[in-house]
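Worksheet: one structure, shown below.
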Protein chains: 2
Amino acid sequence: MSQVQLAKQLRVSCESCSLSELCLPRGLTVQEISQLDDYIERPRKLDPNTQIYQPGDKFFGFYAVRSGGVKTYLTKKTGEQQILGFHLPGEIFGLDGMEHNSHRCYASTMDNTSYCTIPFEKLDELCAELPDLRIQVYKLLGHEINCDHSHQLLLGQQTAHERLATFLLSISSRFKHRGFSPTSFMLPMSRHDIACYLGIAVETVSRLFKSFQQQGIVKINRKQVDILNMDLLTGLVANCEESDSL
Amino acid sequence: MSQVQLAKQLRVSCESCSLSELCLPRGLTVQEISQLDDYIERPRKLDPNTQIYQPGDKFFGFYAVRSGGVKTYLTKKTGEQQILGFHLPGEIFGLDGMEHNSHRCYASTMDNTSYCTIPFEKLDELCAELPDLRIQVYKLLGHEINCDHSHQLLLGQQTAHERLATFLLSISSRFKHRGFSPTSFMLPMSRHDIACYLGIAVETVSRLFKSFQQQGIVKINRKQVDILNMDLLTGLVANCEESDSL
DNA sequence: CGCTTGATTGATTTGAGTCAATCCCAGTGG
DNA sequence: CCACTGGGATTGACTCAAATCAATCAAGCG
């Protein structure tokens with residue numbers, strides 16, 4: 001297979017994936033693309049509820065979800081977990097390991113999940129040479145920071161209704177961004193996980209889903225969500241931050 | 001003034017500052033140090049409650065607090081603010097602008113404050129050449145992400161007591177890290193700001209300070225804090241995350 | 001077809017918020 | 001030098017959103 005054909009194949013394989021933002025666009029040459037792609041380890045498949053890393057584990061590099069879903073979380077001594085983020089297909093996680101070269105939180109699958117990894121050392125080496133790649137890495141990190149900030153606003157200032165509405169809107173816009181329906185989708189996470197992400201009780205999640213349904217805003221059947229009235233849903237969120245897609 | 005003398009003077013001027021982590025240590029040559037220092041804009045002085053930037057403002061680069069204190073925050077339409085972080089002397093802020101080259105949150109002073117700025121473009125150019133500097137930038141960003149994660153755990157899972165105790169421990173450890181007393185210090189922020197950071201009401205902050213004082217854990221007089229029993233204070237925090245200094 | 005695990009629903013409790021006065025200090029001006 | 005004043009801080013009384021406790025209910029599975 002020629003160099004060009006190889007690169008093309010790789011391009012296709014990364015097309016719908018966030019990591020592609022790191023390598024494919026903005027004038028990188030075919031040569032450069034395949035250079036980075038060489039380092040990306042191809043998909044690994046995992047069962048639901050499998051731990052990918054935990055605090056103290058060596059930081060290897062970034063992870064990109066290809067299918068399924070991953071949650072990252074911290075825990076209290078008493079066992080309660082705070083979910084920091086849900087990572088859907090095409091999204092990146094693992095950035096928590098950068099500070100000390102070891103992870104600070106847990107990451108585990110929520111479903112049958114496959115993902116790629118890109119070794120940080122190799123990425124950094126390429127960054128020295130490719131200014132555009134460097135910019136993409138900054139943007140990726142900046143995005144993580146901004147998402148975390150939005151999550152802090154949600155946890156610190158929003159009511160339970162607002163939190164759940166914000167959550168649905170975020171998932172919706174992220175599915176939309178990846179080319180899926182923004183109004184009809186399957187949630188990859190359990191009610192318990194939603195509650196832990198939003199900082200509320202599972203029972204509250206159930207009750208609010210019911211309430212939203214009674215208001216005709218959504219139709220919810222187990223993990224299947226259909227948004228019936230996007231405007232009403234948006235109206236539930238009173239904060240001034242435009243909700244940000246991950 | 002010779003090259004070496006110049007660099008030495010700069011080194012002293014940045015010595016007690018987080019930005020120094022970006023340039024001074026880890027085998028950068030004197031030449032390289034002065035190269036970066038040339039770009040750092042020297043201190044600017046601001047009055048208390050002055051806005052430094054707001055959402056939409058162009059991202060210029062990082063800011064390093066030299067004296068006083070800065071808060072970064074988001075707001076809801078209804079006006080409530082969620083404080084994302086307090087930035088004490090020697091700490092960095094402004095990273096929220098990296099994703100879109102424009103800021104996403106507000107930053108304003110809490111006191112008479114001076115700070116330096118380092119233009120992002122220049123920093124990036126140097127990053128291309130200096131691998132050690134690049135690593136420092138990654139660590140800085142990773143640190144911000146980890147702090148945000150701890151804040152999410154606090155906001156999502158901790159009780160009001162735990163939040164306030166965690167807050168005091170964080171401030172204490174940060175003062176200690178900068179060479180100040182970890183048990184006796186002045187808070188640069190108002191009760192209102194503490195409340196907004198912790199996601200609780202001002203009145204609750206007052207009541208809990210009183211309660212901590214009655215338990216003999218701390219002595220609080222207006223903004224002056226004396227920690228009398230560090231073990232008891234630590235005991236109030238039940239989470240498994242070691243509290244992380246910014 | 002029972003069993004397990006997650007989701008829902010209802011009854012009750014409570015931690016923290018809200019509302020409403022003071023209090024107290026820092027800064028101002030007479 | 002001291003009274004005045006305004007905004008932050010404190011304190012108390014009351015309320016309420018959401019948690020907790022406690023049953024079911026439903027669905028996937030061996």
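Numbered from 1 within each chain, the chains take letters A, B, ... in sequence-line order.
- Here C:dT9 presents its C1' atom at 12 Å from CD of A:Q214, a figure rounded to the nearest Å.
- For A:E203, whose side chain is taken as the heavy atoms from C-beta onward, the closest listed nucleotide among C:dA11, D:dG8, D:dA22 is D:dA22.
- Whole-Å rounding puts the A:L187 CG to C:dG6 P distance at 16 Å.
- Heavy-atom contacts from other residues, nucleotides or ligands closer than 6.0 Å to NZ of A:K223 number more than 12.
- Two residues, A:M189 and B:N221, neighbour DNA chain C, and the one matched to the more 5' nucleotide by heavy-atom proximity is A:M189.
- Nucleotide C:dG6 holds its C1' atom 11 Å from the CG atom of A:D193, rounded to whole Å.
- Distance A:Q158 CD to D:dA18 C1': 16 Å, rounded to the nearest Å.
- In this structure, of D:dA9, D:dG12, C:dA16, it is D:dA9 that holds the atom nearest to the side chain of B:K223.
- Computed from coordinates, the A:I194 CD1 to D:dA18 C1' distance equals 17 Å when rounded to whole Å.
- Rounding to whole angstrom units, CD of residue A:Q224 and P of D:dG28 are separated by 13 Å.
- Two rings, from A:F120 and A:F59, have their centers less than 6.0 Å apart.
- B:Q82 and A:Q157 share a side-chain donor-acceptor pair at under 3.5 Å.
- The aromatic ring centres of A:F60 and A:Y53 sit 6.0 Å or more apart.
- Dashed line: the shortest gap from a side-chain N or O of A:R222 to OP1 or OP2 of D:dA26 is not under 4.0 Å.
- At whole-Å resolution of the value, CD in B:E162 and C1' in C:dA16 are 14 Å apart.
- Regarding B:L164, its CG atom lies at a distance of 12 Å from the P atom of C:dG17, rounded to whole Å.
- The listed nucleotides are D:dT20, C:dG17, D:dG8; the one nearest the side chain of B:S190 is D:dG8.
- At least one side-chain nitrogen or oxygen of A:T204 sits closer than 4.0 Å to the OP1 or OP2 atom of D:dA19.
- Taking side-chain N and O atoms only, A:R191 has a distance below 4.0 Å to OP1 or OP2 of C:dT8.
- Comparing atom distances between the A:H161 side chain and each of D:dA18, D:dT11, C:dT8 picks out D:dA18 as nearest.
- Relative orientation of the B:F93 and B:Y63 rings is parallel, given thresholds of 30° and 60° on the angle between their planes.
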